[in-house]
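Everything below concerns the one structure shown next.
In this text, all values refer to a predicted model and were calculated from it rather than measured experimentally.
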Amino acid sequence: MSSKYFVCFTIFILFIFASIFYSGRTIDYRSKFLLFTSLPPSNATPCSSSATQPRRRPLNVYMYDLGMKYNVGMLKGPHYDGPPVTIETLPEFPHYTGLRRQHTVEYWMLASLLYRENGTKQQEVVRVLNPDSADVFFVPFFSSLSYDTYHNQGNDTESKFDDQLQAEIADFLQKSKYWKRSAGRDHVIPMQHPNAFKHYRDKVNAAIFVVADFGRPSPSVSNLRKDVVAPYGHVVETFEADDFSDPYDSRTTLIFFRGKTKRKAEGKDRKRLEKILSGQKDVVFEANGVTEGGVNASTKGMRSSKFCLDPAGDTPSSCRLFDAIVSHCVPVIVSDKIELPYEDEIDYNKFSIFFSREEAKKEGYILDQLKRVSKTKWLEMWRYLKNITHHFEYQYPPKNGDAVSMLWRQVKHKLPAVNLAVHRNRRLKVPDWWR
């Protein structure tokens, strides 16, 4: 028996040497044992660093040349117009608070395409000047800022100007040969405010919309299959100095909420939560009187709390979730129909806790469940939060892995379905039987 093993071992050794010296070529024998050397590290991060990833082909984006009245002119003043924006004429985004800061994805997406180093590094997106080489077409219409600047002021004349801009963009696109070529499926239009572009959405609804959620448009106009969910811009500043030796005990409040309870669709739910949680030990629930202390009071409250309550607002999502994320306060989400940014890449269960609306109505249920979360489990969620915060940062200059980088990657994920539809429509001789 031993001689048989010896013969087998000798044949194996000869095979190795023959592989190494065959035809004068060197073979990396370690690749033969790749199964044993390629196990992922146990401390892998949620999204791998670009330095460790193979180089991806970036998304080629053609941006339409639109006058400033459709985009950055609104930052310079109502009805301001000028030639298409360049890197030299791009204004710095003002440090607005409130709605304007929340709905700024349109600005950051445009700025990322103007960035001087666009295409020179391993980035998710490259601006191309030849439309025939584009994967997608970006429409730089600031529909959210238009709504906030004109329609949301309660002035009929200004509201009509917002409607006029929408009509002009819809007309411009439908006359474009590149829109006609794909019926608009490979076009990207930011519409982060729930009321943005509201009168003409159905005219351009084949395009990829960049939205906050799907609370208001009908599923035939905007849906998860074709559109991209973007995070709100956070209002509170990112917590940079919370790397304490014991972050759990340094956060003395169990759960924190500060906001309005007199909302449209979800007002009754918030009032119910207020009744259940107000006055409870280790709970801060500040409703309606939120002007006192402003953003500073919210910032302080989130940074000193283990959990931050995020009930649905007028739509299924709210800015409060992203304020909690950058405060590294574990979000407690109460919303049955919320859709979340980058959910094909990020597992929110690892750093958030979810309750249905019915569960939240049960007396004492939320508090009981949160008190059962161990210190070890909370610290695990806190570390995960710190590790993914950069994915929710809008900034200029853009950085790999920031919010805009992630959004362009989400747009790229939509391309297979877009290409399928475009290719089928080009060859069909009869009406599409799937419609």
Side-chain angles (χ1 to χ4, degrees), residues 45-46 231-232 234-261 269-270 272-287 290 293-313 317-335 338 340 346-357 359-393:
T45 58
Y232 286 104
H234 56 84
V235 176
V236 306
E237 294 298 321
T238 303
F239 198 7
E240 303 285 359
D242 64 334
D243 194 13
F244 303 122
S245 58
D246 192 354
Y248 182 85
D249 290 328
S250 70
R251 293 175 179 253
T252 53
T253 300
L254 178 65
I255 186 168
F256 175 84
F257 172 83
R258 192 169 189 270
K260 295 180 179 180
T261 58
D269 288 352
R270 288 194 176 193
R272 175 68 175 168
L273 285 169
E274 181 181 11
K275 182 179 179 180
I276 292 172
L277 296 174
S278 289
Q280 296 292 326
K281 182 181 178 183
D282 299 329
V283 173
V284 173
F285 197 106
E286 299 177 359
V290 296
V295 175
N296 289 336
S298 296
T299 301
K300 182 178 179 181
M302 288 185 166
R303 292 181 179 184
S304 60
S305 302
K306 296 178 177 68
F307 299 97
C308 286
L309 183 65
D310 177 43
S317 66
S318 76
C319 177
R320 192 168 290 101
L321 167 61
F322 306 103
D323 287 344
I325 288 174
V326 300
S327 301
H328 307 147
C329 179
V330 174
V332 176
I333 300 172
V334 181
S335 180
I338 192 170
L340 298 162
I346 293 179
D347 183 359
Y348 283 76
N349 288 291
K350 292 184 177 180
F351 61 88
S352 306
I353 296 177
F354 293 86
F355 293 102
S356 70
R357 291 172 60 188
E359 288 174 331
K361 293 176 184 178
K362 298 177 183 177
E363 192 81 35
Y365 184 77
I366 287 180
L367 280 179
D368 180 62
Q369 295 300 308
L370 295 184
K371 289 176 181 177
R372 293 184 181 189
V373 177
S374 68
K375 178 177 180 178
T376 300
K377 178 61 177 177
W378 185 90
L379 286 172
E380 181 182 318
M381 301 175 88
W382 174 79
R383 292 188 188 100
Y384 200 98
L385 273 171
K386 287 172 65 67
N387 208 23
I388 52 89
T389 296
H390 64 289
H391 295 318
F392 299 88
E393 300 287 1

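- A distance-only check finds a donor-acceptor pair linking the side chain of Arg320 to the backbone of Arg258 [under 3.5 Å].
- For the pair Tyr232/Leu321, no side-chain contact is recorded, criterion being any heavy-atom separation below 4.5 Å from C-beta on.
- Listed by chain and residue number, Asp213 satisfy the side chain to side chain donor-acceptor pair (under 3.5 Å) test with Ser317 (two or more places apart in sequence, or in another chain).
- Residues Leu309 and Phe257 approach most closely at O-CD1, 3.7 Å, considering heavy atoms.
- Here the shortest heavy-atom pairing between Cys308 and Met302 reads SG-CG, 3.6 Å.
- Here Ser356 pairs with Asp336, Glu358, Glu359 under the side-chain contact (heavy atoms from CB on, under 4.5 Å) rule; sequence neighbours left out.
- One distance of note links NZ of Lys361 with CG of Leu273; it measures 10.0 Å at 0.5 Å rounding.
- Taking a 6.0 Å sphere around NZ of Lys386, one finds it holds more than 12 heavy atoms contributed by other residues, nucleotides or ligands.
- Here Ser305 pairs with Thr253, Phe256, Cys329 under the side-chain contact (heavy atoms from CB on, under 4.5 Å) rule; sequence neighbours left out.
- Heavy-atom minimum distance, Glu393 versus Val326: OE2-CG1, 4.1 Å.
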Contacts table for residues 275-285: side-chain donor-acceptor under 3.5 angstrom, sequence neighbours left out:
from   : atom 1 : to     : atom 2 : distance (Å)
Ser278 : OG     : Glu274 : O      : 2.9

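- Residues passing the side chain to side chain donor-acceptor pair (under 3.5 Å) test with Trp382 are Asp242, sequence neighbours excluded.
- Taking both residues in full, the closest heavy atoms of Tyr248 and Val373 are given as OH-O, 4.3 Å, listed atom of the first, atom of the second, then distance.
- For Thr299, the side-chain contact (heavy atoms from CB on, under 4.5 Å) partners are Val236, Val295, Arg303, not counting sequence neighbours.
- Residues satisfying the side chain to side chain donor-acceptor pair (under 3.5 Å) criterion with Ser318, sequence neighbours excluded, are Asp310.
- One distance of note links CD1 of Ile325 with OG1 of Thr238; it measures 11.0 Å at 0.5 Å rounding.
- Residues satisfying the salt bridge (charged side-chain N to carboxylate O under 4.0 Å, His left out) criterion with Lys362, sequence neighbours excluded, are absent altogether.
- Evaluation of the ring-ring contact (aromatic ring centres under 6.0 Å, His included) rule for Phe322 yields Phe392 as partners, not counting sequence neighbours.
- Asn349 pairs by the side-chain contact (heavy atoms from CB on, under 4.5 Å) definition with Asp347, Phe354, not counting sequence neighbours.
- The closest side-chain heavy-atom distance from Leu367 to Leu254 is below 4.5 Å.
- The ring-ring contact (aromatic ring centres under 6.0 Å, His included) search around Phe355 returns Tyr365, not counting sequence neighbours.
- Scanning both residues, Ser250 and Pro247, for their nearest heavy atoms gives OG-O, 2.9 Å.
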